[in-house]
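Take a look at the structure set out below.
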Amino acid sequence: MITLTLPDGQTRQYDQPVTGLDVAQSIGAGLAKAALAVKLDGDVRDLSRPITADANIEIITRKSADALELIRHDCAHVMAEAVQALFPGTQVTIGPAIENGFYYDFYREQPFSTADLEKIEAMMKQIISRNAPLVREEWRRDQAIQFFEQKGEAFKVELIRDLPETEVISIYRQGEWLDLCRGPHMPSTSHVGNAFKLMKVAGAYWRGDSKRPMLQRIYGTAWRDEKELQQYLTMLEEAEKRDHRKLGRELDLFHFQDEAAGSVFWHAKGWTVYRELENYVRRRIADAGYVEVHTPQLYDSCLFKASGHWDMYGDNMYKIFGPPGEDGKEGKSFGIKPMNCPGHVQIFNQGIKSYRDLPLRMAEFGNCHRNEAHGALHGLMRVRQMVQDDAHIFCTEDQIQSESVAFCGLLRRVYADLGFEVARVRLADRPAVRAGSDAVWDKAEAALHSALKAAGLPYDMNPGDGAFYGPKLEFYLRDAIGREWQCGTLQVDFVLPEKLGAEYAGADGQKHRPVMLHRAILGSLHRFIGIMIEHYAGKLPVWLAPVQAVVATITDDANDYAQKVFDALKAAGVRAEVDKRPEKINAKIRDHSLQKVPVIMVVGRKEADQQQVALRYLGGENQKTMSLTDALSEMAQLIARPDEKK
RNA sequence: GCUGCCAUAGCUCAGGGGUAGAGCACGUCCUUGGUAAGGACGGGGUCGGAGGUUCAAUUCCUCUUGGCAGCACCA
């Protein structure tokens, strides 16, 4: 007797093994028709597989949350069949469902072109309309290897060989075509529907390993219906409109050029945003008990050799080699700092530190250079020269927890001020290869766990992904169009203080090693500004906007008065401009709106006569006419920085 | 770094073996107009760089630099 429990708590009993389809049918013919798969105790399985034990069961239909993954995975199979039908000799590898869609990696000498994608799409539609059932078969290992070897599918053979002996080797057949696959799949290909689209072709390494062959990955997106697909495509368009590289140029914030690839030319407006943001963080961390320092750019290589960076990250560091000496000896070698930590330890090491000095929170907005690979560069998001809101907290092991709690609070405050929420926190714990004893790791990980609990932040684990020198927290924020960005980080470091000989005198009069917490809230200021530009679609909060108000005249008669308003705004600390061009007011409104200026103050003869301004907000439909005095006090409210607001 | 694609005016882009074109932007002039584009005229390009093929290259080929998408990387 098998007892199956439905989501609503109802139970059903069967005296012999049944399939998911049987269960659906026993509930209703309509459900059986709509069923795509079943979920047994949380595991999604084919509708046709026998159920042999008691379980909680849920019938998955197109409406279920799990349907998308099935649709996408099946779509990947359909695409693979289409590709092999159109391009014989192409080898298949793997093709999973991913966020928003799926991909499949192929091996073929000749690259796929964009035009090929259309052909593949057309073929996929044919395959789907053929509606072949997706049939699961279980094969013996040697049978599977022989079959794929005969077909010349070297990658599949490698996959099978690498499967553990205990693993069942399952094959899914759709008509003539079949693929090695763990499943699950929907009953037949027509369930894929037609709300899919092939998006792009790109290279991807076999098994993610840059030493192995480059495959061709075709990405597609797939949804339940046309409407969802359209929504997704619209979201992509929206993301494109917000692209910070485009807005950066249009709003005259910054530019890039070949002679300094990966470095930013900040224009006056962009630099205003940068300085505002940096100063904001500066005030916030000062309030939180940090001191700010500034350390050198260029160091003798011996420092980075001692810290371990020269060996570990040398390829990504900019190095300078001095001329050889007269005796023919090698010249000195230098490195431009890729991060601030070794410098901070040098400051810590000056004089004698006592436990009374701890925790010592040392911050720096230091310019760091990293020779990032060409392919990694991406606007402000990934640059070769950047500044982090970096700080190192020198503390005792016992202080890790309280410092982490305090940091979580500070980070939340900052994200909220900047218009974001913490979307996700992950705790990356000990990796296989690591420094430090297990006892110390236990303590550090426990401290981070309890810090997150004390801070009331839900989190999940990122097992084994900690740095070799200690566990870390990763903070993600979500932007206006739903994308997540990892910005904040807190890393516990047992290693660097030892390598660079940091110590303090404990209450016991003995020397002790401090622990270092590497932490950043925004991460790279460059990248964060990129994220903010996209989050706000260029319409930065008033306190960050490079130009906060423009005084625009209607006729020349108002020029003198406009100048007076402008002067008053400047005197009140507003970043203002005055527009006296002989253009119509419509054109002026349009120009400044496109420049995302938050406030436009229109002045004509009427306002000049009555010492008023017509104040109009960006994107607003109507305007408020008010006295200049009132306008100034309104502006004072608007430009208030988040940490200065009452 | 790897795979593919791309590079033409400040921007967005068209063109094509016989030394280039649009819209916007820019300049001058006219217009003084009340909340998202007023009008006329004009200036502007070694067609990313270096080689090669050719009578002739911006166009075809090779290399190189940079960009885009993805992969790898991200202390």
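Letters go in sequence order (proteins before strands), and every chain restarts at 1.
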For [N], give its Watson-Crick or G-U wobble partner with both distances under 3.5 Å, or none.
N	answer
A40(B)	U28(B)
U3(B)	A69(B)
G23(B)	C11(B)

For [N] versus [M], give the span between their [atom1] atoms, rounded off to a whole number of Å.
N	M	atom1	value
G10(B)	G27(B)	C1'	14 Å
A25(B)	G49(B)	P	28 Å
G15(B)	A75(B)	C1'	49 Å
G48(B)	C55(B)	C1'	27 Å
G17(B)	G52(B)	C1'	15 Å
G44(B)	A20(B)	C1'	13 Å
A37(B)	G43(B)	C1'	22 Å

Tell me what [X] touches on the nucleic acid: a base, only sugar-phosphate, or nothing, going by heavy atoms under 4.0 Å.
X	value
Met214(A)	base
Ile589(A)	base
Asn586(A)	sugar-phosphate
Leu215(A)	nothing
Lys606(A)	base
Asp557(A)	nothing
Arg207(A)	nothing
Gly208(A)	sugar-phosphate

Test: Arg217(A) cationic atom under 6.0 Å from Tyr103(A) six-membered ring centre, within 45° of axis: yes

Phe407(A) six-ring face occupied by Arg519(A) cation (under 6.0 Å, within 45°): no

Intermediate values then yes/no, side-chain contact (heavy atoms from CB on, under 4.5 Å), Asp429(A) and Glu445(A): CA-CA 7 Å; Asp429(A) 62 10; Glu445(A) 286 168 9; 3.5 Å; yes

Between [N] and [X], counting only base atoms on the nucleotide and side-chain atoms on the residue, is there a donor-acceptor pair under 3.5 Å?
X	N	result
Arg370(A)	C73(B)	no
Asp258(A)	U65(B)	no
Gln257(A)	G67(B)	no

Spacing between Arg605(A) atom CZ and G34(B) atom P, to the nearest angstrom: 10 Å

Geometric class of the Tyr274(A)/Trp271(A) ring pair [parallel <30°, tilted 30-60°, perpendicular >60°]: parallel

Worked verdict on Arg245(A) versus Glu534(A) for salt bridge (Lys or Arg N to Asp or Glu O under 4.0 Å): CA-CA 9 Å; Arg245(A) 294 165 298 185; Glu534(A) 301 200 356; 5.9 Å; no

